There are 2 protein chains.
Amino acid sequence: MADLTAPAASDHKPASGERAGRTSEPIWDIIELLFFAYRDFVTEPDDVLAKFGFGRAHHRVLHFVNRNPGMKVAELLDILKITKQSLGRVLKQLVDQGYVVQKEGANDRRQRLLYVTAKGESLAMKLAGLQTARVAHALAELGPNAHEAARRFLVTLIDPDNRDGVLRFIARADRARRQRS
Amino acid sequence: MADLTAPAASDHKPASGERAGRTSEPIWDIIELLFFAYRDFVTEPDDVLAKFGFGRAHHRVLHFVNRNPGMKVAELLDILKITKQSLGRVLKQLVDQGYVVQKEGANDRRQRLLYVTAKGESLAMKLAGLQTARVAHALAELGPNAHEAARRFLVTLIDPDNRDGVLRFIARADRARRQRS
DNA sequence: CAGTTAGGTCAGCCATGTTGACATATTTCG
DNA sequence: CGAAATATGTCAACATGGCTGACCTAACTG
């Protein structure tokens, strides 16, 4: 690790005076570390999911429904940024196999609000546990403000357009979960 | 942002006394922000690649070959963690269309060392520029030590087994690039 | 009542991952 | 030297999870 941090930190040409990042040297390390980190971040869940006959797409649906019980299909589509046909395929499997249920909306009966079953929650929490263990291990290795630093970094990486929506989603899910527990 | 950071920071139960992260509350925010950040991190490149008739798989190959000219096919497979059949498909297209060339190894004539052409470097740098602009913008919004903090966070997310190899790769590529420029 | 909205579905296509088997050239080693 | 290991390529078949386009029902809204 020491091998890398020293040269890369000293190596970095100051960004000042470079317009729009157009001519500047690429920030290779972060670009590549994002690839490697994300790659390793999803492999453990993938392995577990494979035993259930599920894939990464199922994981995403299950995760967000578990986090936001009663969410609308349209909200989920907006988060995942996929078509309803793609969602429909995996959602149908999750429903058929008893991981997710859909309930008619109370106000708007066109809506099919999404909820995880006990079985679904169990799997969602198992997968979240794997990823949490990895993140917790990383944050523990770093300083006490690492969580805050990581969050801020990741947030600013998100498209400014989506940013507020993402933060609202997370805040809302946190609130709801706090009330239930 | 303030809406999120305050509750999430105060909300976090201390990890002490929880064995193996098994029973602890998942670290929802980082898990989800990684998803959203990565999702947005790849969309711009994806859009550019689509105009060339390429996909994300081509991007990865082009990126790593550009970063490490003369790398062996086996090294690339190890980085991407895909099968040689999967690699072969996209690599063939990149070679056929003049973005990558393969040269016989000087020492070991079985090797087909990989190099980008001028055309390939141009596209690779264009894509790296997009991602760099995003990262640079994020780091500029945060403090001066944000780059270091982000790097350390991402590194510790990587599997400990791969970690050294990844860091060696990045350091080697940095050295090589420094010599060329 | 007409139009919009929420959601579902069928059919087909594409990109990119997989396994398994096999081929060829080259290097390495007993 | 010759056998085995290595680096790479390739064929065939399959799975996952994106996509487009077309079309449907039920329910809400003005």
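Both backbone and side-chain heavy atoms feed into the values below; hydrogens, waters and symmetry mates do not. Each chain gets a letter, A, B and so on, in the order the sequences are listed, and its residues count up from 1. Just so we're clear, the structure is a prediction, and the values are computed from it rather than from any experiment.
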Step by step, work out the side-chain contact (heavy atoms from CB on, under 4.5 Å) result for A:Lys72 and A:Asp108. CA-CA 11 Å; A:Lys72 293 184 287 182; A:Asp108 188 335; over 6 Å; no
So, do A:Phe36 and B:Phe64 have ring centers that fall under 6.0 Å from each other? yes
Once you apply a heavy-atom cut-off of 4.0 Å, does A:Asn107 come out as touching a base, just sugar-phosphate, or nothing? sugar-phosphate
Please state how far atom [atom1] in [X] lies from atom [atom2] in [N], giving the value in whole angstrom units.
| X | N | atom1 | atom2 | answer |
| --- | --- | --- | --- | --- |
| B:Arg110 | D:dG9 | CZ | P | 13 Å |
| A:Gln85 | D:dA22 | CD | C1' | 10 Å |
| A:Ile79 | D:dG18 | CD1 | C1' | 18 Å |
| A:Leu77 | D:dG18 | CG | C1' | 13 Å |
| B:Asp78 | D:dT6 | CG | P | 15 Å |
| A:Glu104 | D:dT25 | CD | C1' | 13 Å |
| B:Met71 | D:dA7 | CE | C1' | 15 Å |

OP1, OP2 of D:dG9 versus side-chain N and O of B:Gln102: anything below 4.0 Å? yes
Please determine if a side-chain N or O atom of A:Arg109 lies less than 4.0 Å away from the OP1 or OP2 oxygen of D:dA27. yes
Along DNA chain C, 5' to 3', what are the outermost nucleotides having an atom less than 4.0 Å from a heavy atom of chain B? C:dT16 to C:dT27
Pair A:Phe54, A:His59 - check side-chain contact (heavy atoms from CB on, under 4.5 Å), show working. CA-CA 8 Å; A:Phe54 291 145; A:His59 184 188; over 6 Å; no
Main-chain N/O of A:Asp161 paired to A:Asp159 side chain as donor or acceptor, under 3.5 Å: no
For the backbone of A:Thr156 and the side chain of A:Arg163, can you confirm whether one donor and one acceptor N or O come within less than 3.5 Å of each other? yes
State which of D:dA22, D:dG18, D:dC28 makes the closest approach to the side chain of A:Ser86. D:dG18
Between A:Gln111 and B:Lys84, just flag the one whose closest nucleotide in DNA chain C comes earlier from the 5' side. A:Gln111
What closest approach, in Å, do B:Trp28 and A:Asn66 show between heavy atoms, and which atom pair accounts for it? CH2-ND2, 3.7 Å
Among residues 48-70 of chain A, which contact DNA chain C at a heavy-atom distance under 4.0 Å? none
Going by side chain to side chain donor-acceptor pair (under 3.5 Å), A:His58 matches just one of A:Gln97, A:Gln93, A:Arg89. Which one? A:Gln93
Please compare B:Leu91 and A:Arg89 by the position of their nearest nucleotide in DNA chain D and report the one closer to 5'. B:Leu91
Pairwise 5' ranking along DNA chain D for A:Arg112 and A:Thr83, keeping only the more 5' one: A:Thr83
Side-chain heavy atoms under 4.5 angstrom apart, residues restricted to Ile, Leu, Val, Met, Phe, Trp, Tyr: same cluster for B:Leu80 and B:Leu113? no
Do B:Asp29 and B:Glu32 pass the side-chain contact (heavy atoms from CB on, under 4.5 Å) test, and can you show the C-alpha distance, the side-chain angles, and the key distance before you say yes or no? CA-CA 5 Å; B:Asp29 62 346; B:Glu32 284 160 11; over 6 Å; no
